[in-house]
**Q** 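Handing you this structure, nothing more for now.
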Protein chains: 2
Amino acid sequence: MITLVIAEDHQALIDGIRSFLEYEEDITVLGEANDGEILIDLVRKKQPQIVLTDIRMPKCDGICATKTIKKEFPNTKIIAFSMFDQAEAIHQMKDAGASGYIMKNSSLKKVLEAIRIVAKNGDYFDDSITTTDVTSKEEIVLSTREKEILRLIGEGKTSQEIADILFIGKSTVDTHRKNILKKMNIQGKTDLIRFAVERKYDF
Amino acid sequence: MITLVIAEDHQALIDGIRSFLEYEEDITVLGEANDGEILIDLVRKKQPQIVLTDIRMPKCDGICATKTIKKEFPNTKIIAFSMFDQAEAIHQMKDAGASGYIMKNSSLKKVLEAIRIVAKNGDYFDDSITTTDVTSKEEIVLSTREKEILRLIGEGKTSQEIADILFIGKSTVDTHRKNILKKMNIQGKTDLIRFAVERKYDF
DNA sequence: CTTAAAATCCCTATTTGTAGGGATTTTTTT
DNA sequence: AAAAAAATCCCTACAAATAGGGATTTTAAG
């Protein structure tokens with residue numbers, strides 16, 4: 001018997017997956033969560049074999065939840081279920097310890113397939129993900145400070161505002177901006193903002 | 001018997017809804033589509049009573065599809081199924097002729113409820129939508145040109161680039177930008193870009 | 001302890017966008 | 001045909017971000 005918990009922002013999708021899995025005798029859904037924090041609690045209580053989780057979620061996203069769960073329960077397998085096939089998200093989920101990555105535009109049959117494979121200690125990464133290792137070029141590693149600043153940029157703050165919030169000089173914020181641009185190789189002349197906003201939205 | 005077609009970007013969600021609706025004897029799913037164009041074709045062929053459609057879809061989005069369908073088949077009821085409760089999207093769907101609007105984070109039970117109500121010529125708009133008429137403040141109406149420019153802003157183009165693309169002066173683009181800012185009552189480049197990007201993403 | 005990485009700060013110059021004003025032409029609506 | 005709305009263009013001034021350079025201090029990692 002395979003035990004499973006589902007974490008998803010959209011209740012409709014959870015309901016759908018549950019309906020679908022009801023036909024499968026060998027799979028039991030132990031519970032569901034609508035955000036990362038609830039998911040972590042749920043895993044502690046129910047200790048499922050497999051967690052199927054969205055990446056973009058309130059409170060603590062899929063990546064953050066995966067890290068916590070893997071630290072506490074290394075044997076719990078995690079499958080990411082995402083809208084986007086962004087190299088960075090996939091990479092981060094892999095790093096966090098996920099055993100699978102499925103796109104929401106694939107069928108539930110594939111989800112079922114993935115659950116069964118992962119339950120047998122296998123890995124399942126969506127076919128449509130060509131990006132995986134190839135495009136994951138030079139290991140995009142932003143420092144903690146840089147991520148913090150990127151987040152604030154995404155929230156629409158100006159350099160001056162960010163400087164005030166973090167109690168540092170505007171010059172420092174500008175330097176970080178430049179470094180982020182360099183690391184991300186955003187040739188796009190302008191607009192780190194777009195990058196920050198899209199990032200926030202995509203996972 | 002209620003006949004239905006489903007249009008959704010994410011196959012997983014379609015599969016889930018189908019599984020869920022299989023238990024309901026009075027509802028038949030006639031078909032499914034992953035984008036707006038296929039949806040329109042499908043409606044022409046199958047002529048369902050009800051269409052359950054995502055807003056954000058490739059090719060032709062939910063709003064555009066709704067308009068076309070309502071023109072050709074005024075009796076076909078349309079229920080929008082969306083991730084976001086943005087006043088503008090709801091407003092546009094209502095204008096296009098939708099009879100319902102449900103959020104993806106509500107349960108499939110609510111979807112079922114909506115289908116039954118709409119089948120009986122009722123309207124169903126999600127409870128969580130407080131926005132509907134209230135926040136839909138001063139009728140955000142962007143002109144065609146303004147929308148076009150907003151789209152290009154969302155794609156990361158600079159005013160000069162937009163000017164070159166549309167064969168107009170940079171001054172004109174700047175004026176449009178200012179007018180958009182004024183209409184939207186937002187201040188700052190950041191916010192404009194965020195608005196453009198979010199809009200692109202959200203429906 | 002020493003080194004490398006991260007974080008901090010400053011300078012100059014240029015580009016891009018915002019904010020205010022005004023103005024003309026084309027299209028659409030009445 | 002007249003009025004309203006949309007689209008076009010230009011001016012000045014200012015704010016914010018990018019791009020190049022250099023420099024110091026903290027904080028980890030070896």
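If you're wondering where the values come from, they're calculated on a predicted model, not measured in any experiment.
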**Q** I want to verify a distance call: between C/dA7, C/dT16, D/dA17, whose nearest atom is closest to the A/E146 side chain?
**A**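 So the nucleotide nearest the side chain must be C/dA7.
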**Q** Do A/S159 and A/R177 meet the criterion of a side-chain donor-acceptor pair at a distance under 3.5 Å?
**A**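 Judged by distance alone, the side chains do pair up.
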**Q** Please state how far atom NZ in B/K147 lies from atom P in D/dA6, giving the value in whole angstrom units.
**A**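 Roughly 11 Å, once rounded to whole Å.
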**Q** Under the side-chain contact (heavy atoms from CB on, under 4.5 Å) rule, collect the residues that match up with A/D9, sequence neighbours excluded.
**A**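 side-chain contact (heavy atoms from CB on, under 4.5 Å) check on A/D9 returns A/D54, A/P58.
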**Q** Can you tell me the distance, in whole Å, between the CG atom of A/L152 and the C1' atom of D/dA17?
**A** 16 Å
**Q** Could you point out which residue of A/L39, A/I38, A/V29 forms a side-chain contact (heavy atoms from CB on, under 4.5 Å) with A/V5?
**A**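 Looking at A/L39, A/I38, A/V29, the match for A/V5 under the side-chain contact (heavy atoms from CB on, under 4.5 Å) is A/L39.
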**Q** Can you find a pair of side-chain heavy atoms, one from A/T3 and one from A/I50, that are under 4.5 Å apart?
**A** no
**Q** Rounded to whole angstrom units, what separation is found between the NZ atom of A/K183 and the C1' atom of D/dT18?
**A** 18 Å
**Q** Looking only at heavy atoms, what is the nearest atom pair of B/I2 and B/A119, with distance?
**A** CD1-CB, 3.6 Å
**Q** Taking all atoms of both residues into account, what is the closest heavy-atom pair of B/F125 and B/A98, and its distance?
**A**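 That would be CZ-O, 4.0 Å.
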**Q** Side-chain contact test, heavy atoms from C-beta onward, threshold under 4.5 Å: evaluate it for A/Y124 versus A/V111 and give yes or no.
**A**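 When only atoms from C-beta onward are counted, A/V111 and A/Y124 do not touch, as no gap falls below 4.5 Å.
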**Q** Specify the residues of residues 171-179 of chain A, ordered by number, for which at least one heavy atom lies under 4.0 angstrom from an atom of DNA chain C.
**A** A/S171, A/T172, A/T175, A/H176
**Q** Between A/K110 and A/E113 (salt bridge meaning N to carboxylate O under 4.0 Å), is one present in this structure?
**A**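 No, no charged N to carboxylate O under 4.0 Å.
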**Q** Tell me, which pairs form a salt bridge (charged side-chain N to carboxylate O under 4.0 Å, His left out) where one or both residues lie in residues 63-80 of chain A, sequence neighbours left out?
**A** A/R44-A/E72
**Q** In whole angstroms, how far is the P atom of C/dT26 from the CZ atom of B/R145?
**A**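 So the two atoms are 15 Å apart, to the nearest Å.
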**Q** What is the distance, to the nearest angstrom, from the NZ atom on B/K157 to the C1' atom on C/dG17?
**A**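 One finds 17 Å between C1' of C/dG17 and NZ of B/K157, rounded.
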**Q** Expected output is a numbered-order residue list: members of residues 159-168 of chain A with a heavy atom under 4.0 Å from any atom of DNA chain D. What is it?
**A** A/S159
**Q** In whole Å, I'd like the distance from the NZ atom of A/K170 to the P atom of D/dA17.
**A** 7 Å
**Q** Quick one: which of B/E32, B/E8, B/E24 gives a salt bridge (Lys or Arg N to Asp or Glu O under 4.0 Å) with B/R18?
**A**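 So the option named by the test is B/E32.
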**Q** Just how large is the angle between the end axes of the helix from C/dC1-D/dG30 to C/dT30-D/dA1, five pairs per end, to 10 degrees?
**A** 60°
**Q** Between C/dG17 atom P and B/K182 atom NZ, what is the distance in whole Å?
**A**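 In whole Å, C/dG17 P and B/K182 NZ are 19 Å from each other.
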**Q** Which donor-acceptor pairs under 3.5 Å do side chains of residues 162-172 of chain A form with protein atoms, sequence neighbours excluded?
**A**
| unit_1 | atom_1 | unit_2 | atom_2 | d |
| --- | --- | --- | --- | --- |
| A/D164 | OD1 | A/Q160 | NE2 | 3.2 |
| A/K170 | NZ | A/D174 | OD2 | 2.8 |

